[in-house]
Amino acid sequence: MDIWGEIMSRIPGVLIEDHLGAAEHTIDTLAEESGISAARLHSLQGGAANPTVTEIGQLAEVLRVDPVHLFRPAPAVLARRVGEVMSGT
């Protein structure tokens, strides 16, 4: 696998976890505020399920992020992932 493939393989389905800390949420509080069950959030995060357009909107609103950042990492997250790959962690 090339280095770009390695970086992208470390990015799961929906990038929920990357935004939890910044928004001071846990999966449980995100579930409560978004109306999406915690089990469903875990499935979305792990790539086992695909979000609906409504779910994307709900998550983006609660996490206060542009919806595109739920699928493509923000520059700071991508930089961290590149550092992980380069250091072998």
Looking only at heavy atoms, what is the nearest atom pair of [X] and [Y], with distance?
{"X": "R40", "Y": "N50", "result": "NH2-O, 2.9 Å"}
{"X": "P51", "Y": "E55", "result": "CA-OE1, 3.2 Å"}
{"X": "A31", "Y": "A38", "result": "CB-N, 3.6 Å"}
{"X": "I56", "Y": "P67", "result": "CG2-CB, 3.8 Å"}

Distance (rounded to the nearest 0.5 Å) between [X] [atom1] and [Y] [atom2]:
{"X": "L63", "Y": "S34", "atom1": "CG", "atom2": "OG", "value": "8.0 Å"}
{"X": "H25", "Y": "I16", "atom1": "NE2", "atom2": "CD1", "value": "12.0 Å"}
{"X": "L59", "Y": "L44", "atom1": "CG", "atom2": "CG", "value": "7.0 Å"}
{"X": "L30", "Y": "S37", "atom1": "CG", "atom2": "OG", "value": "10.5 Å"}
{"X": "T26", "Y": "E32", "atom1": "OG1", "atom2": "CD", "value": "9.0 Å"}
{"X": "Q58", "Y": "L41", "atom1": "CD", "atom2": "CG", "value": "9.5 Å"}

